[in-house]
Amino acid sequence: MKQTSSFGWLNKRTTLTGFTFLAPALVVYLIFAVYPFLNSMVLSFFKWNGFSPSTFIGIDNYVNTFSDKTFLLAIRNSTYLGVVSAFFSVTIGVLMAWLLLYVGRRWGSFFRTILFSPSMLPAVITALIFAFVYEPELGILNSLLRWVGLESWQTAWLTNKATALNSILFVSAWKQVGLTMVLCFAGMQGLNLSLVESACLDGASDWKIFQKIILPLIMPFVQLSAIFALMGGLKIFDTVFALTSGGPANATTVMPLWILRNSFTLNKFGYGAAMSMIFVLIVLLGMIVAKVFVKGTTYEQ
């Protein structure tokens, strides 16, 4: 009994110590995350320009969002960038991780560092790099097209409504591929090699081994990568702001950018808060959809 009592006292003391260390971070989170979110939720039911007293208008801000053509366009653009960039970045990242299994340890470490480096760059730096790539006169892309004889394909990539959004999509996917590659490669490193060896002895090809053994076993890592990529694509802001500022003619306007303009340029703080609440719901819905469609499976190894 004495031993049990001492263990119980020790657990209580450990729990109290844990809460003590957690308390500062929890206080910071409540002040800088929970409180602003609740304040924005309340503000979304008011009309306020930042100077005069706020006026309660109920759900009018939410109703007005659905007659705002730019808002609807921003939802479509954000959803497109989130879903499509997540699909390409996850697909390419998983394949790259698989191919790195066939590279030696020394070269594998080198290639992982190189391929992961875009994910470590700040989004604004990435945008500036691609601003030079897409530059109409001296840009690398148009110069390459001219060199291979495809002058008819040359265009002003970031000011052409037909190509601007897809140009940003490429930048977003390129930046996110490295994270997927690293996560999935870590998952592959933890696999039971006896399963792969047994499949090799049975005459299975490398592609069949990847398709039937490796991919199902790393699905939890693929799911996590898909959620990260989808969230990154939905919340993209700085890349769009640095490359196009939402142009041409709002063709690349995304939700965070439109919320920022309404709130801090047009001083429609209540309307911006309402759009923010809708955007939060869209992001949460995207996360749930990613978890449902990209299911992680647990296998006994």
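- The side-chain heavy atoms of Gln154 and Ser143, taken from C-beta on, include no pair separated by under 4.5 Å.
- Judged by distance alone, the side chain of Ser119 and the main-chain N or O of Gln176 form no donor-acceptor pair under 3.5 Å.
- Across Ala229 and Ser89, no two heavy atoms sit closer than the pair CB-OG, 3.5 Å.
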For side chain to side chain contact (heavy atoms under 4.5 Å, CB included), just list the numbers for Tyr271 and Thr65, CA-CA rounded to whole Å, side-chain angles, deciding distance to a tenth of an Å, and then say yes or no. CA-CA 8 Å; Tyr271 185 56; Thr65 58; 3.4 Å; yes
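- Contact check for Leu257 versus Arg261: side-chain heavy atoms found under the 4.5 Å cut-off.
- Hydrophobic clustering (ILVMFWY, side-chain heavy atoms < 4.5 Å, transitive): Val124 and Val254 are in distinct clusters.
- Here Phe130 and Trp174 bring their ring centres to under 6.0 angstrom of each other.
- Side-chain N/O atoms of Asn160 and Thr155 include a donor and acceptor closer than 3.5 Å.
- No hydrogens or angles considered: a donor-acceptor pair under 3.5 Å links the side chains of Thr252 and Thr244.
- Within the model, atoms NZ of Lys235 and CG of Leu81 stand 14.5 Å from one another, a figure rounded to the nearest 0.5 Å.
- Note that CE of Met287 and CG of Leu230 are 10.0 Å apart. Values are rounded to the nearest 0.5 Å.
- The hydrophobic cluster containing Tyr102 also contains Ile214, counting ILVMFWY residues as joined when their side-chain heavy atoms lie under 4.5 angstrom apart, directly or transitively.
- Ser67 contributes a side-chain N or O that, together with a main-chain N or O of Asn64, makes up a donor-acceptor pair within less than 3.5 Å.
- In the displayed structure, Phe269 atom CZ is contacted under 6.0 Å by more than 12 heavy atoms of other residues, nucleotides or ligands.
- From Lys47, atom NZ reaches atom OG1 of Thr55 across 7.5 Å, with rounding to the nearest 0.5 Å.
- Minimum interatomic distance between Ala199 and Ile209 (heavy atoms only, all atoms of both residues): CB-CG1, 3.9 Å.
- Summarising the geometry, atom CZ belonging to Phe111 is positioned 11.0 Å from atom CE belonging to Met181; distances are rounded to the nearest 0.5 Å.
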Audit row: Tyr62, Met277, side chain to side chain contact (heavy atoms under 4.5 Å, CB included) steps and yes/no: CA-CA 9 Å; Tyr62 291 93; Met277 293 301 105; 3.4 Å; yes
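- Inspection of the Asn142 and Trp157 side chains reveals an N or O donor paired with an N or O acceptor under 3.5 Å.
- Clustering ILVMFWY residues whenever any of their side-chain heavy atoms sit less than 4.5 angstrom apart, transitively, puts Phe32 in a cluster other than the one holding Met41.
- In this view, Phe56 and Phe46 satisfy the ring pair (Phe, Tyr, Trp, His ring centres under 6.0 Å) rule, not counting sequence neighbours.
- For Phe241, the ring pair (Phe, Tyr, Trp, His ring centres under 6.0 Å) partners two or more places apart in sequence, or in a different chain, are Phe237.
- Asn77 pairs in a side-chain contact (heavy atoms from CB on, under 4.5 Å) with only one of the listed residues (Leu165, Asn250, Ile236, Leu72), which is Leu165.
- No side-chain heavy atom of Leu115 sits less than 4.5 Å from a side-chain heavy atom of Val177.
- Atom CG of Leu281 has more than 12 heavy atoms from other residues, nucleotides or ligands within 6.0 Å.
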Before giving the answer on side chain to side chain contact (heavy atoms under 4.5 Å, CB included), spell out for Met96 and Leu99 the whole-Å C-alpha distance, their side-chain angles and the decisive distance to 0.1 Å. CA-CA 5 Å; Met96 285 168 51; Leu99 293 175; 5.5 Å; no
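- Checking Val94, Leu224, Thr91, Ile92 one by one against Thr180, the side-chain contact (heavy atoms from CB on, under 4.5 Å) holds for a single residue, Val94.
- In the hydrophobic clustering of this structure, Phe132 does not group with Leu243; members are Ile, Leu, Val, Met, Phe, Trp, Tyr whose side-chain heavy atoms approach within less than 4.5 Å, directly or through other members.
- Open room surrounds CZ on Phe21; 12 or fewer heavy atoms of other groups in view lie less than 6.0 Å from it.
- Trp98 has its side chain within reach of Asp206: a pair of non-hydrogen atoms, C-beta onward, lies under 4.5 Å apart.
- Residues Ser78 and Pro256 form a side-chain contact, since some pair of their non-hydrogen atoms from C-beta on lies under 4.5 Å apart.
- In this structure, the side chain of Thr126 engages the main chain of Pro122 through a donor-acceptor pair within 3.5 Å.
- In this structure, Ser172 and Gly233 approach most closely via the heavy-atom pair OG-CA, 4.3 Å.
- Not less than 6.0 angstrom separates the ring centroid of Phe88 from the ring centroid of Phe170.
- Listed by chain and residue number, nothing satisfies the ring pair (Phe, Tyr, Trp, His ring centres under 6.0 Å) test with Trp147 (two or more places apart in sequence, or in another chain).
- Transitive grouping of hydrophobic side chains (ILVMFWY, heavy atoms separated by less than 4.5 Å) keeps Tyr80 and Phe293 in distinct clusters.
- For CZ of Arg146, the number of neighbouring non-hydrogen atoms (other residues, nucleotides, ligands) closer than 6.0 Å is greater than 12.
- By the 30° and 60° cut-offs, the orientation of the rings of Phe110 relative to Trp107 is perpendicular.
- Looking only at side-chain heavy atoms (C-beta outward), Arg76 and Phe71 stay at 4.5 Å or farther from each other.
- Note: Leu215 CG to Cys184 SG = 8.5 Å, rounded to the nearest 0.5 Å.
- Residues Met255 and Ile75 form a side-chain contact, since some pair of their non-hydrogen atoms from C-beta on lies under 4.5 Å apart.
- Counting only heavy atoms from C-beta outward, the side chains of Lys268 and Asn49 never approach each other to under 4.5 Å.
- The nearest pair of heavy atoms linking Ala86 to Ala226 is CB-O, 4.4 Å.
- Interatomic distance, Leu158 CG to Thr163 OG1, rounded to the nearest 0.5 Å: 7.5 Å.
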Chi angles and distances behind the side chain to side chain contact (heavy atoms under 4.5 Å, CB included) call for Met231, Val283: CA-CA 7 Å; Met231 296 303 101; Val283 172; 3.3 Å; yes
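- A side-chain donor-acceptor contact under 3.5 Å links Asp68 and Trp258.
- Around the CD atom of Glu151, the shell of radius 6.0 Å holds more than 12 heavy atoms that belong to other residues, nucleotides or ligands.
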